2 protein chains.
Amino acid sequence: MQKYYQKIKNSPIFYGMADFELDRMLECFKASIKNYEAGDTIIRRGDIITKIYVILEGEVNIEKDSYWGRRIIIQKLHENNNIALSLVASKNTESNINAICTKDATILILNYEKCSAMCQNACMHHGAFIRNMFKILSKENVELVEKIENISQKSIRDKLLTYLSNESEKNKSNMFEIQFNRQELADYLNIDRSAMSFELSKLKREGLINYKKNKFILRVEV
Amino acid sequence: MQKYYQKIKNSPIFYGMADFELDRMLECFKASIKNYEAGDTIIRRGDIITKIYVILEGEVNIEKDSYWGRRIIIQKLHENNNIALSLVASKNTESNINAICTKDATILILNYEKCSAMCQNACMHHGAFIRNMFKILSKENVELVEKIENISQKSIRDKLLTYLSNESEKNKSNMFEIQFNRQELADYLNIDRSAMSFELSKLKREGLINYKKNKFILRVEV
DNA sequence: TCCTTTTTGTTGTAAAAACAACAGAAATGT
DNA sequence: ACATTTCTGTTGTTTTTACAACAAAAAGGA
């Protein structure tokens with residue numbers, strides 16, 4: 001735990017807390033660390049979620065499997081992101097998603113249920129904590145709406161341009177590196193990988209974009 | 001305001017508060033009521049959002065326009081739902097969506113910014129309020145993931161079956177009424193209306209579903 | 001380095017969707 | 001009740017996509 005103390009301290013979920021407050025919170029939450037390897041399933045659809053998961057390092061995909069067996073990537077999470085935070089506060093805490101580790105990860109686990117019951121009003125830091133959670137959830141919400149925008153475009157071309165434009169805006173530059181490999185990007189945008197590759201090449205030929213592997217340059221305003 | 005007192009009191013955002021607490025909060029938030037007619041734009045993309053909007057009655061669509069001019073319906077909101085709650089807590093409070101009134105609506109408006117600055121730690125009810133907001137946002141988050149699941153299916157048929165199956169589950173019955181008309185449903189699922197109508201008829205002919213207008217019966221487990 | 005595996009790109013074909021144009025049904029207003 | 005408007009369903013055609021099979025490039029290991 002000590003090894004990760006600095007990372008934990010810098011996590012947005014503990015934003016604005018002094019060391020002594022953080023210590024108190026970690027104790028209150030019965031905090032623990034768990035390591036996962038790439039390929040591991042962290043949360044499986046149907047699991048009951050009562051704990052808060054904070055990614056300290058590594059990479060995690062939030063996925064769904066369609067009834068017909070296709071993989072849907074909802075989002076890709078990294079350091080400081082929370083996994084399935086929205087489920088902790090829900091009435092139905094049964095997970096509706098799978099969380100798959102895609103790069104070796106270290107996860108901080110907080111026993112929210114226990115703490116929340118124990119110090120609903122007692123723990124004076126709980127207020128700041130829940131404010132932080134609210135902010136994090138807000139951000140995730142905005143990201144989900146952005147994803148909906150991306151995949152709601154009518155053609156592969158429009159999906160790619162919208163996605164790349166949003167990434168460019170987030171990076172505040174027309175040169176940026178994307179987080180997905182081609183298959184993952186296709187699963188994120190719900191399109192066929194080979195058709196997507198074809199369209200990417202076409203956009204490159206037309207001079208609208210340029211790319212090499214995951215580094216992209218967007219040459220147009222979309 | 002008095003006219004809507006009971007409705008306000010029953011709103012999840014004030015859950016668990018006694019009358020005197022509610023009164024104090026409403027004052028603290030400089031609460032006001034605003035009426036909208038069907039067709040009105042409540043929030044326009046780019047607006048700075050600093051207030052909390054609670055729907056007391058009526059219906060509101062959350063929409064985006066794609067760069068190429070197509071309408072995308074993100075979700076349909078009703079009584080007790082909040083509009084753009086996630087933006088209030090974000091760093092960038094510029095709205096990324098349009099909120100369009102689809103049935104004459106009454107909206108409760110709370111000045112969150114003012115209150116939040118004023119009684120960050122002072123107002124003792126603020127804690128309960130933010131906990132409620134967290135819950136609401138959690139629920140919305142789960143709904144957005146559900147929408148992503150719906151529109152991520154690969155064919156019109158699968159989108160319809162997934163959507164209807166989710167609706168059936170929410171209503172805990174295989175007979176249910178949907179909230180969208182055909183054009184809205186098409187815009188929600190990002191498909192062509194006429195192609196959707198065709199597929200619905202086909203599903204009916206095959207006996208998988210039955211429907212009349214917005215009342216549906218799902219005859220299969222998806 | 002060379003071999004193997006993984007990732008990405010290309011092409012042709014079959015399937016699915018969008019689109020347009022229209023017909024029928026239902027809702028609305030007078 | 002009738003006319004008008006809105007909503008829903010149908011059909012044929014064009015466009016787009018998925019899929020399969022393979023080629024090329026990159027990454028990883030011995």
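Chain letters run A, B, ... following the sequence lines, proteins first and then strands; every chain starts at 1. The shown structure was predicted, so the numbers you read here are calculated from the model rather than taken from an experiment.
Among the atoms of the strands shown, base atoms are found under 4.0 Å from some heavy atom of B:S197. Across all strands shown, B:N190 has heavy atoms under 4.0 Å from sugar-phosphate atoms exclusively, and none from any base. Using a 4.0 Å heavy-atom cutoff across all strands shown, A:I191 reaches sugar-phosphate atoms only and no base atom. Nucleic acid contact class of A:D192 (heavy atoms, under 4.0 Å, all strands): base.
Looking at B:K3, B:K7, B:K103 one by one, the single match for salt bridge (Lys or Arg N to Asp or Glu O under 4.0 Å) with B:E57 turns out to be B:K7.
Within the 4.0 Å cut-off from OP1 or OP2 of C:dA26, not a single side-chain nitrogen or oxygen of B:K213 is found. At least one side-chain nitrogen or oxygen of B:R182 sits closer than 4.0 Å to the OP1 or OP2 atom of D:dG9. Close to D:dT10, at under 4.0 Å from its OP1 or OP2, lies no side-chain N or O of B:S194.
Note that B:K9 lies outside the cation-pi zone of B:F14, set by a 6.0 Å cut-off to the ring centre and a 45° limit from the axis. By the 6.0 Å and 45° rule, A:K76 does not stack over the aromatic ring of A:F180. Stacking of A:K51 on the aromatic ring of A:Y112 is not recorded, the 6.0 Å distance cut-off and the 45° axial limit not both being met.
The distance between atom CD1 of B:I156 and atom C1' of D:dT17, rounded to the nearest whole Å, is 12 Å.
In this structure, of C:dT8, C:dA17, D:dC19, it is C:dT8 that holds the atom nearest to the side chain of A:N214.
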